[in-house]
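In this text, all values refer to a predicted model and were calculated from it rather than measured experimentally. Every chain is numbered from 1, with letters handed out A, B, ... down the list of sequences.
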2 protein chains.
Amino acid sequence: MKIFLNDYNQETIEKAESILFNGNGFVGLRGNLEEDYYNHFATNRETYLNGFYESKTINYPEKMFGFTPSGETMISVIDGQTTLITIGGERFSIMTGTISQSSRYLDMTKGITVRKLVWTSPAGLKTKIKISRLTSFVYKNIFAMKIEFERLNHNAEITLSTHLNFHPIRTIDKNDPRMSHETQSIQVEEIDLPNKTCTFTTLTSQLKAQLQWQINSQLEQTIQEKRIVLNSILTTDSYEKKLSYAFADENHTGIEKNFDELLALQTTYLVDFWRTAKVEIASEENLEESVNYGTYALLQSLGTNGTTSIAAKGLSGSGYEGHVFWDAEMYVFPVFLHLQPQLAKSHLNFRYQTLEKARANRQLFGYSQGALYPWRTISGSESSPFFEGGSAQHHINSDIAYAFINYYRYTDDLDFMKEAGFEVLLETARVFTEIGYEKAGSFHLDKVTGPDEYTVLVNDNYYTNKMVAYQFEWIGILAQIIAKDDPKCWEQLVAKLNVTSKELEQIQRYSRNMALPFDKEQGIIAQDREFLNKSGWPYNPETTKHPLLLNYHPLTIYRYQISKQADAVFALMLFQNQFTTETIQRSVTYYDQITTHDSSLSYSIFSAVYSRLGDMEKGYEYFLKNARTDLDNLHKNTKDGIHTAAMGGTFMAILYGFCNLQIKDNALTLDPHLPAEIQSIAFTTQFKNECYRVEVNHKSHTIQKVTS
Amino acid sequence: MKIFLNDYNQETIEKAESILFNGNGFVGLRGNLEEDYYNHFATNRETYLNGFYESKTINYPEKMFGFTPSGETMISVIDGQTTLITIGGERFSIMTGTISQSSRYLDMTKGITVRKLVWTSPAGLKTKIKISRLTSFVYKNIFAMKIEFERLNHNAEITLSTHLNFHPIRTIDKNDPRMSHETQSIQVEEIDLPNKTCTFTTLTSQLKAQLQWQINSQLEQTIQEKRIVLNSILTTDSYEKKLSYAFADENHTGIEKNFDELLALQTTYLVDFWRTAKVEIASEENLEESVNYGTYALLQSLGTNGTTSIAAKGLSGSGYEGHVFWDAEMYVFPVFLHLQPQLAKSHLNFRYQTLEKARANRQLFGYSQGALYPWRTISGSESSPFFEGGSAQHHINSDIAYAFINYYRYTDDLDFMKEAGFEVLLETARVFTEIGYEKAGSFHLDKVTGPDEYTVLVNDNYYTNKMVAYQFEWIGILAQIIAKDDPKCWEQLVAKLNVTSKELEQIQRYSRNMALPFDKEQGIIAQDREFLNKSGWPYNPETTKHPLLLNYHPLTIYRYQISKQADAVFALMLFQNQFTTETIQRSVTYYDQITTHDSSLSYSIFSAVYSRLGDMEKGYEYFLKNARTDLDNLHKNTKDGIHTAAMGGTFMAILYGFCNLQIKDNALTLDPHLPAEIQSIAFTTQFKNECYRVEVNHKSHTIQKVTS
């Protein structure tokens with residue numbers, strides 16, 4: 001299971017910085033070349049720690065009441081991957097001399113990235129170089145690198161210089177609202193060269209961390225401007241460095257292990273992981289690679305300590321400022337729910353740990369009750385500076401509720417629902433009961449933004465309302481289950497949350513009477529109450545520039561029936577059994593015509609809906625367009641970080657689309673439609689504390705419990 | 001005609017800075033006390049030149065395509081009103097000693113502000129001080145100040161120190177989105193003490209200006225930090241200083257005149273002005289003062305050089321950054337149209353001169369044709385950083401068109417329509433024809449914002465659509481008139497503007513078929529297509545905090561049926577004859593209930609509509625609430641500058657409301673409804689190059705041509 005990215009051209013180098021990143025859910029390093037090259041190619045040379053961010057005041061040219069006052073940005077900690085090499089006095093660089101026998105890849109079974117090449121220096125010295133890197137899944141504080149040399153035609157001296165850089169190097173174009181526009185630096189507090197540690201913090205947040213380093217070679221340590229430089233002369237054939245990053249209260253375990261020991265532990269961990277996590281796809285295209293790379297990248301990015309989670313770009317880049325969005329629940333969460341439910345639970349824990357901040361966020365909006373989760377965050381506080389397409393997306397509340405519900409449906413973990421789930425469901429529901437209203441027997445939610453950011457502040461967004469109705473329904477279901485299973489616990493919840501039977505009845509009534517706009521004439525669900533009255537996109541589709549958000553004024557985008565991504569269609573996917581096939585068919589066809597798929601969250605959902613309908617041409621076409629989002633750099637911005645939602649989407653398109661895996665009558669069911677291009681699919685899923693093997697081909701499909 | 005503001009308490013001092021400002025349409029000084037007091041009271045001590053601004057890049061936390069890249073801010077030029085006085089070595093201050101026989105007022109007939117008092121110093125020296133100030137209407141570059149002293153019980157030496165301050169002093173709280181949040185300074189280029197001039201410019205705009213000063217007393221000139229200080233010992237009984245401000249290509253005429261000469265010229269000018277400009281109101285309340293103060297403040301603020309106009313706060317303060325908005329057309333313009341049409345024309349010239357910039361602004365939005373005037377501007381470029389409640393208010397185009405049309409209706413100045421008017425009407429219309437669309441026989445305009453900023457990005461805003469329909473209709477009318485009157489000119493216009501008969505026909509059809517949302521059940525016009533479906537404001541009216549925009553999240557404000565100001569009701573006022581009385585009655589009653597009148601543009605329009613209906617209780621109540629907006633500081637922000645729109649509104653409520661002055665069959669007509677509290681109203685209006693005297697009382701009303 002390897003991903004190769006060999007070339008040294010600009011696009012590949014940029015792409016590789018994201019795709020070949022090293023991460024373990026805590027430490028993340030971009031896949032930069034070890035030697036510096038930023039005078040030649042655009043680069044972001046950075047290292048991140050999940051949960052480590054800088055706070056900043058958000059300045060608005062015209063600040064309105066309740067605008068998010070400050071935001072969080074994931075910033076690079078000390079980056080220690082840079083290793084300058086000289087051979088016989090000549091500086092190793094891909095820009096000089098010649099390169100042969102070059103190979104660069106990620107090995108997903110061993111959990112390392114490898115770079116191999118033979119470099120012939122301008123003077124003719126020929127050296128084989130192999131660089132291996134890992135961030136340990138066993139010791140989450142550890143990044144390790146090993147560089148092996150083989151002098152092929154000489155015996156010259158080799159020197160190495162490792163830079164521990166305090167200031168992020170960013171040369172990638174930032175004229176994009178999706179990117180962070182400021183380069184902020186950590187603040188170095190103390191450098192202790194004898195003990196090989198450096199303590200750092202940020203200017204305004206309270207976070208404090210320490211880097212410790214170990215290098216296997218004789219070295220001279222100096223402090224230079226904005227970096228510590230560690231110079232060595234190679235004494236054996238290999239150079240090893242280990243960097244350990246720890247928050248104030250944690251320690252640097254594992255740093256004493258050598259690279260091969262770390263690698264052995266890493267391999268053991270991953271062999272075990274893949275045993276039940278690998279998705280097997282028999283097909284001409286290398287689809288298996290795509291889906292498993294996605295799973296691996298997500299594993300590398302997901303924080304598991306209960307106070308961190310997974311950013312839209314994981315730990316691979318600083319796009320979207322390292323923020324966690326709704327895709328954590330609606331795209332990434334299902335992957336872990338099926339493969340490693342305890343990791344899925346860890347994400348839910350992150351939400352539960354930040355419920356208090358969500359209550360504070362609700363107050364920012366002037367709402368008097370409940371909790372409103374932030375649209376974008378690191379620590380749990382809202383960081384969205386643009387409310388129309390940001391914090392107005394109140395569906396985040398229901399997305400989180402949906403994840404809790406699905407976690408319960410797949411695990412039967414009622415204890416967690418008592419401890420956290422019910423509280424989250426109820427508190428997040430209360431914002432909706434406050435802003436919603438009943439009119440002529442229907443419950444309405446006005447002026448919120450749905451997933452489609454090309455239409456903002458709408459009334460009765462179908463996706464939102466449908467999700468809220470589901471959340472409301474489940475509040476009733478869980479209330480009954482908990483009350484029956486554990487009356488004392490229920491009593492405590494009632495007291496703690498101040499919940500009355502009147503409130504529960506009201507929530508059930510709202511759920512039943514939720515407004516779900518439907519166009520009878522066309523037989524389609526309506527994205528919102530007014531969406532279908534809007535005029536069509538008036539500009540020539542041939543010359544329309546994508547993504548619209550970078551090429552048209554929001555006013556123009558908002559004015560027409562044009563969708564960035566699956567919105568109403570997402571509701572079709574999630575609640576398939578509640579629609580007639582005809583409605584699904586008509587609706588997906590309609591929305592497909594007006595959707596630009598400018599978001600990487602779109603194709604996967606359309607693919608799943610088409611696949612279930614048996615439209616395998618579309619189902620497969622859209623699957624392909626999504627599955628290789630990063631590997632083929634389809635959005636031209638993989639350099640800013642991987643698209644975790646697209647990866648989750650690939651997984652969903654397989655499980656929920658091609659295989660149509662569902663829970664029915666408390667059991668897993670399949671109703672597969674495989675595209676002709678795929679011969680078979682096999683994977684393992686967890687369900688209610690058991691492990692199930694799923695195998696699907698064009699003739700048959702089976703779900704079998706695995707006895708371990 | 002005097003406005004008195006005697007007290008030296010904080011509110012009066014702050015209010016007086018705006019109300020007692022000196023302006024002549026070019027130079028404007030805040031009515032600060034001459035001695036410094038900013039350690040004791042909040043103050044903005046500033047001098048403005050109409051059209052002098054600083055440019056600044058607008059920084060957005062999340063910048064979208066087409067967001068206004070830079071903005072203009074009116075900044076204080078060198079402020080020279082500060083005059084520190086010592087008497088017998090004791091520093092004159094209202095904070096020490098005692099004050100008696102104090103009087104402070106604006107004399108609108110002489111065109112001066114006067115401050116008189118007797119100051120007894122802590123040591124007991126008693127001195128009568130009279131300070132007179134004017135900005136000359138004859139020499140628009142000139143500000144002059146005269147300070148007269150009478151030593152009542154001593155013969156001590158009096159010294160004076162005039163400060164020419166380069167850096168604005170602003171201590172007034174700025175935690176308000178309506179205020180400029182940065183204090184920017186002019187850049188001093190050259191100080192020439194012997195020639196008593198100082199040349200200054202701005203950091204980023206290209207503007208260059210010069211201050212010249214003259215003081216009648218022996219003086220020592222020094223340059224201190226951020227100011228020039230002119231020290232004198234009083235040699236006669238009075239101290240005179242004159243400051244002349246001129247752009248690079250203008251000169252300092254008038255500076256050689258002494259104060260009394262300047263005052264004589266000023267008085268002559270104003271006596272002539274008031275001859276036809278004064279509105280006489282017989283009433284218990286001092287209403288005459290309010291309306292005439294308004295006219296005077298507008299006269300003091302209106303730029304008349306064709307490249308400047310009138311800001312929302314005139315030249316009295318830096319609120320709204322000195323920007324010109326739509327109220328210049330819809331509130332202020334009518335005052336000059338009736339009183340001095342050549343001044344009204346001068347404003348239209350400002351719009352015509354900036355048509356090219358409006359074309360550039362249209363491109364910023366990605367529209368392919370026509371012109372879109374900026375929502376807020378100084379030089380003609382868009383300065384609005386918040387498009388939802390700002391540049392989305394495309395009705396600005398029709399407001400400007402409306403002003404051109406009304407100018408023509410009142411003056412018969414067809415030449416100006418050929419030269420400027422038709423081009424402005426057509427070019428501004430083209431943006432609407434591009435973004436509008438026909439559906440089922442109706443022409444719709446979606447996703448624009450109407451006057452009510454508490455509901456943004458709406459579809460078929462009634463006010464906007466009605467105004468556009470009127471503009472479209474007049475394009476046809478003017479085309480016919482010009483083609484008939486001057487075929488050659490028409491030919492040239494056709495060629496210049498590339499207009500086809502097909503386009504003209506289309507515009508006429510759109511006008512006829514304009515969508516004008518109407519609620520049949522309630523018999524009221526609808527503010528927009530969806531407005532009446534919104535839920536009502538759910539919070540307790542008793543505890544609701546005003547203005548909403550400073551106390552509630554925009555999302556909350558947008559969500560409910562709550563209006564900031566007259567929106568649909570403005571259409572009722574402008575097009576009264578096109579509605580049944582019942583529709584007007586029902587509509588105004590409905591919208592009144594849901595309007596917060598948080599904008600100073602609201603009460604006057606409601607007053608006029610109620611008055612015409614004969615509901616004089618409401619008509620008069622709202623008239624009062626508007627008429628004393630600034631004099632009674634009703635919005636608590638007069639300190640930031642006067643409300644020019646409220647002043648225009650007062651005038652309109654009298655002429656269009658109480659008197660119901662209209663043009664019918666090419667003649668002026670009246671249909672008055674006077675409130676019981678007003679015995680009679682009389683004024684003079686210009687109409688088709690003639691002067692008409694209007695007299696209205698409870699028994700009769702007359703319009704008589706005045707033969708001069």
Side-chain angles (χ1 to χ4, degrees), chain A residues 56 58-68 71 175-178 181 364-368 383-392 394 434-439 444-449 456-457 459 529-530 533-536 538-539 548-560, chain B residues 56 58-68 71 175-178 181 364-368 383-392 394 434-439 444-449 456-457 459 529-530 533-536 538-539 548-560:
Chain A
K56 56 174 183 183
I58 304 179
N59 294 307
Y60 299 88
E62 198 169 344
K63 188 179 180 183
M64 300 292 167
F65 180 91
F67 272 21
T68 315
N175 195 15
D176 183 333
R178 298 168 298 186
H181 287 196
L364 191 64
F365 280 78
Y367 300 152
S368 61
S383 285
S384 171
F386 183 63
F387 77 94
E388 293 88 337
S391 46
H394 289 4
E434 175 168 349
I435 67 171
Y437 63 98
E438 285 181 298
K439 189 175 171 182
H444 300 275
L445 289 166
D446 285 0
K447 288 285 177 283
V448 296
T449 299
V456 301
L457 305 186
N459 305 321
R529 221 157 63 207
E530 288 94 16
N533 295 329
K534 295 207 288 183
S535 192
Y539 303 106
L548 301 188
L549 72 104
L550 297 185
N551 294 286
Y552 297 88
H553 195 286
L555 210 50
T556 302
I557 297 174
Y558 298 165
R559 185 169 288 135
Y560 304 107
Chain B
K56 57 172 183 186
I58 303 179
N59 294 306
Y60 299 89
E62 197 169 345
K63 188 178 180 182
M64 299 291 166
F65 180 91
F67 274 21
T68 316
N175 195 16
D176 184 331
R178 298 168 298 188
H181 287 197
L364 191 63
F365 280 79
Y367 301 151
S368 62
S383 286
S384 171
F386 184 63
F387 77 94
E388 293 88 338
S391 46
H394 289 6
E434 175 169 349
I435 68 171
Y437 62 99
E438 284 181 298
K439 188 175 171 180
H444 300 276
L445 289 167
D446 285 1
K447 289 281 176 285
V448 296
T449 299
V456 302
L457 305 185
N459 305 320
R529 221 157 64 208
E530 289 92 17
N533 295 329
K534 294 208 287 183
S535 191
Y539 301 106
L548 300 188
L549 73 101
L550 298 186
N551 295 287
Y552 297 88
H553 195 285
L555 208 50
T556 301
I557 298 173
Y558 298 165
R559 185 170 287 136
Y560 303 106

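Contact record, A/E62 with B/F386: OE1-CB, 3.3 Å, taken as the closest heavy-atom pair.
Between chain A and the options B/L555, B/T556, B/D446, heavy-atom pairs under 4.5 Å are most frequent for B/L555. Contact tally against chain B (heavy-atom pairs below 4.5 Å) for A/Y552, A/Y560, A/F67: the top residue is A/Y552. Most heavy-atom pairs under 4.5 Å with chain B: of the set A/G366, A/G66, A/S535, this distinction falls to A/S535. Among A/N551, A/L457, A/N533, the residue with the largest count of heavy-atom pairs under 4.5 Å with chain B is A/N551. With chain B as the partner, the residue from A/N59, A/T68, A/V456, A/I557 showing the most heavy-atom pairs under 4.5 Å is A/N59.
With a 4.5 angstrom heavy-atom cutoff, A/I435 touches chain B via backbone and side-chain atoms both. Only the side chain of B/F387 comes within less than 4.5 Å of a heavy atom in chain A; its backbone stays farther off. When heavy atoms are compared at a cutoff of 4.5 Å, A/P538 does not approach chain B at all. Using a 4.5 Å cut-off between heavy atoms, B/I58 touches chain A through its side chain atoms alone.
Contacts of A/H444 classified as ring-ring contact (aromatic ring centres under 6.0 Å, His included), with partners at least two apart in sequence or in another chain: A/Y437. A/E434 is linked by a side chain to side chain donor-acceptor pair (under 3.5 Å) to A/S368, B/Y539, counting only residues two or more places apart in sequence or in another chain.
Here the two rings, on A/Y367 and B/H553, have centers that are 6.0 Å apart or farther.
Looking only at distances, a side-chain donor or acceptor of B/T449 sits under 3.5 Å from a matching main-chain atom of B/E388. The closest donor-acceptor contact from the side chain of A/K439 to the backbone of B/K534 lies at 3.5 Å or more, if one exists at all. Using a distance-only test at 3.5 Å, with no hydrogens or angles considered, a donor-acceptor pair links the side chain of B/N459 to the main chain of B/K447.
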